[in-house]
Amino acid sequence: MTTTTGETATSDGIAIRRRRKPATPYLLLIPALAALLVGLGYPVYWQVVTSLQEYGLMQQFGAPPRFVGFDNFARIFTDSQVWWVVARSIAFCLVNAGLTVGIGLGLAVLMRAVHGWVRIVMQVTLLLAWATPLVAAVTVFRWLFDYRTGVVNWLLVQLGWESMAGHNYLETPLQFFMVASFIVIWMSVPFVAMSIYAGLTQVSEEVLEAARLDGAGPTQILWLIIMPLVRPVIAIVLLLQIIWDLRVFAQIRLLQDAGAPVSETNLLGNFIYQLGVGQQNFGGAAAVSIFVLLLTVVLSAPYVRYLMKEDVA
Amino acid sequence: MSAVLTPAGPTVAAAHEPPRLRGRRVRPAKILLSVLGLALALLWVFPVYWMMLSAVTPDAVLRSSTPSFLPVHFTLTNLRSVLTDSGFLNALGMSLMVTGLALVLVLVFAFFAALAISRWRFRGRKSFILAVLFIQMLPAEGLFIAQYQMMSSLGLLNQVVGISVLYVAMLVPFTIWMLRGFVAGVPIELEEAAMVDGLSRTKAFVRITFPLLAPGLVASGVYAFLQAWNEFTTALVILPAESAQTLPIWLRSFLSASANRGIDWAEVMAASTLIAVPVIVFFLFVQGRMTSGLVSGAVKG
């Protein structure tokens with residue numbers, strides 16, 4: 001890859017500039033780098049240092065932090081409660097990412113098969129859901145699933161499920177996560193569906209024509225021609241969904257306001273929030289944060305590699 | 001017609017299902033699928049519709065046992081009472097200041113950086129791009145405790161400057177990546193031609209390249225604006241005081257306050273609608289760019 005960059009560098013205009021003003025690009029990068037160092041660099045550094053220290057309420061009131069090595073990590077990751085949070089986060093993430101990509105793929109294929117004006121209606125409605133701000137979306141879902149006057153319970157009763165009148169979804173963890181999943185899926189399917197649909201439109205008509213001439217039926221064309229061609233797009237959106245669904249925080253926090261059992265519904269982000277802001281255990285919170293950051297970096301690596309390839313191309 | 005246009009394949013599949021073609025005759029499968037598509041579209045748009053409908057319905061109607069699905073009780077009372085709520089106006093002002101400051105800085109910083117990486121090949125360019133791409137993936141949830149500590153020790157909690165700095169750092173990476181595509185899309189030859197015709201390097205840039213980049217700056221700016229405007233997690237941690245709330249944080253406490261007296265859903269939905277509608281309008285402008293920016297790496301550099 002480095003050789004490719006080297007070759008580009010020697011090609012005309014760019015090389016001339018490089019010879020004349022070697023300092024300019026570095027000067028141009030200074031403001032962005034400074035912002036990143038202040039807003040993210042220092043916090044990450046502080047987090048690494050703090051995770052190796054005992055940093056609790058005492059330190060808040062002026063006691064010097066004590067270096068404790070990997071004690072925080074040891075304490076955090078031998079705590080079964082933490083593993084429950086980790087397991088819950090991973091399960092929530094995989095279920096939601098899988099469902100989101102599955103439904104998005106289904107919608108994308110459906111958009112290809114329907115009449116033109118139906119497709120436009122579908123795209124507009126998906127865009128509306130995508131554009132809705134997160135806090136507004138969670139608020140609406142709380143209203144839809146409100147136990148007294150929510151329209152979901154009303155509808156279920158109308159359909160003959162009498163016992164759903166006054167049913168409170170947000171009280172029990174499992175149904176709490178069901179509602180949270182509805183919100184997450186509702187908000188993220190549009191991006192997946194539109195991306196995969198954009199990929200589907202790239203499949204050239206000639207290829208499909210050739211397949212038809214060879215006698216392939218619609219189902220065969222879908223599974224044997226189209227799917228393999230859009231597989232890269234599906235892989236990327238699935239990866240992005242996994243990364244994004246692992247960090248679900250706001251939806252959970254906002255739903256917990258409705259009176260859910262907090263410790264049984266916390267995901268990783270909420271757990272960090274509770275540990276740090278709630279209990280002022282900064283050492284522990286920093287340790288869990290570093291775990292989350294490392295997990296993200298590992299998961300992001302294939303996506304970043306994909307984008308870098310785009311850059312060279 | 002189908003038989004003429006498409007040579008029937010020798011396969012069994014072709015025998016019981018006629019191959020797809022561009023024939024004009026109505027196919028029942030397509031109609032069924034279209035109906036399914038419409039049903040799903042309806043399902044997807046319902047929460048947005050319900051939010052807006054509830055916003056213009058009196059609370060007393062919303063509390064009745066049978067919901068009405070059409071705006072037959074239309075009223076502007078809810079919207080008016082939110083618009084005159086001092087908390088809402090306060091949060092609106094705060095959101096405008098935070099987003100405005102962050103937006104200006106993000107655009108300037110990211111534009112410089114995008115110029116650097118797409119107009120020059122220099123040592124460290126690749127590492128910089130790599131770092132930017134990784135940084136944009138970092139979740140706020142893994143950083144907010146440290147950011148809270150930093151801002152609290154600097155005395156910048158509840159301050160516009162404090163949260164704006166964090167937003168700039170959060171938004172600069174993706175904005176660089178997005179602008180890089182636009183800058184690379186303007187061929188350097190255009191600028192050089194202008195220089196051959198006697199313009200200075202600076203003038204050539206300002207008169208030729210910059211106007212061509214304007215749409216890119218607008219699109220990236222709207223995107224960054226939406227991110228900062230909707231941001232919840234960092235604001236929740238860095239702006240704990242009620243007087244410093246941005247709109248998303250305000251909506252949350254508005255709902256909590258309403259819950260004490262049995263939730264006035266009409267007012268809460270009016271507040272949600274007022275927050276959501278401008279965002280939706282802006283979003284529709286930049287949507288196409290965002291999809292391609294995330295998935296296909298924007299314009300080739």
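Because the structure is predicted, anything quoted here is derived from the model rather than measured. Proteins get letters first, then strands, A, B, ... in listed order; numbering begins at 1 in each.
Considering only residues two or more places apart in sequence or on other chains, B:Asp59 meets the side-chain hydrogen bond (donor to acceptor under 3.5 Å, both in side chains) condition with B:Arg63. Applying the side-chain hydrogen bond (donor to acceptor under 3.5 Å, both in side chains) criterion to A:Thr296, with sequence neighbours excluded, gives no partner residue.
Both the backbone and the side chain of B:Met137 come within contact range of chain A, each with at least one heavy atom under 4.5 Å from a heavy atom of that chain. Heavy atoms closer than 4.5 Å to chain B are found in the side chain of A:Trp154, but not in its backbone. Both the backbone and the side chain of A:Ile272 come within less than 4.5 Å of a heavy atom in chain B. If you measure heavy-atom distances from A:Arg119 to chain B, you find no contacts under 4.5 Å at all. Interface residue B:Phe134: backbone and side-chain heavy atoms are both found under 4.5 Å from chain A. With a 4.5 angstrom heavy-atom cutoff, B:Ser256 touches chain A only via side-chain atoms. Contacts of A:Asp146 with chain B are made by side-chain atoms alone, with heavy-atom separations under 4.5 Å and no backbone atom involved. For B:Phe128, the part sitting under 4.5 Å from any heavy atom of chain A is the side chain, from C-beta outward, and nothing else. Of the atoms belonging to A:Ile103, it is side-chain heavy atoms, and not backbone ones, that fall under 4.5 Å from chain B. Residue A:Leu295 does not touch chain B at all, counting heavy-atom pairs closer than 4.5 Å. Heavy atoms of B:Leu40 lying under 4.5 Å from chain A belong exclusively to its side chain. Heavy atoms of A:Ala285 lying under 4.5 Å from chain B belong exclusively to its side chain. Looking at A:Ile290, there are no atoms closer than 4.5 Å to chain B (heavy atoms on both sides), in backbone or side chain. Interface residue A:Tyr26: only side-chain heavy atoms are found under 4.5 Å from chain B. Heavy-atom distances place no part of A:Phe291 under 4.5 Å from chain B, backbone and side chain included. Of the two parts of A:Ala301, the backbone and the side chain both hold a non-hydrogen atom closer than 4.5 Å to a non-hydrogen atom of chain B.
Comparing A:Thr139, A:Leu155, A:Val38, A:Leu208 by how many heavy-atom pairs each has under 4.5 Å with chain B, the most go to A:Thr139. Residue with the most contacts toward chain B among A:Val189, A:Leu268, A:Leu275, A:Leu107: A:Val189 (heavy-atom pairs, distance under 4.5 Å). For the set B:Met151, B:Arg123, B:Arg252, the entry with the most heavy-atom pairs within less than 4.5 Å of chain A is B:Arg252. Residue with the most contacts toward chain A among B:Val172, B:Leu38, B:Val268: B:Leu38 (heavy-atom pairs, distance under 4.5 Å). Contact tally against chain A (heavy-atom pairs below 4.5 Å) for B:Tyr167, B:Trp265, B:Phe232: the top residue is B:Trp265. Considering only heavy-atom pairs separated by less than 4.5 Å from chain B, the leading option among A:Leu254, A:Thr132, A:Val277 is A:Leu254. Interface check for chain B: of the options A:Leu144, A:Leu33, A:Val138, the most heavy-atom pairs under 4.5 Å are formed by A:Leu144. Your options are B:Ile275, B:Asn230, B:Ile249, and the one with the most heavy-atom pairs under 4.5 Å with chain A is B:Asn230. Between chain B and the options A:Val44, A:Val151, A:Leu246, A:Val292, heavy-atom pairs under 4.5 Å are most frequent for A:Val151. Ranked by heavy-atom pairs under 4.5 Å with chain B, the list A:Thr50, A:Thr149, A:Leu110 is led by A:Leu110.
The neighbour count for B:Tyr49 OH, taken as heavy atoms of other residues, nucleotides or ligands under 6.0 Å away, is above 12. In the displayed structure, B:Phe46 atom CZ is contacted under 6.0 Å by more than 12 heavy atoms of other residues, nucleotides or ligands.
When ring centroids are compared, A:Phe141 and A:Trp186 come within the 6.0 Å threshold.
Here the side chains of A:Leu36 and B:Ile135 are in contact, with some heavy-atom distance below 4.5 Å. By the 4.5 Å heavy-atom criterion applied to side chains, A:Trp143 and B:Ile263 are not counted as neighbours.
Here the CH2-CG distance, from B:Trp177 to B:Leu179, works out to 12.5 Å after rounding to the nearest 0.5 Å.
Between A:Tyr45 and A:Tyr42, the ring planes are tilted. Angles from 30° to 60° get that label.
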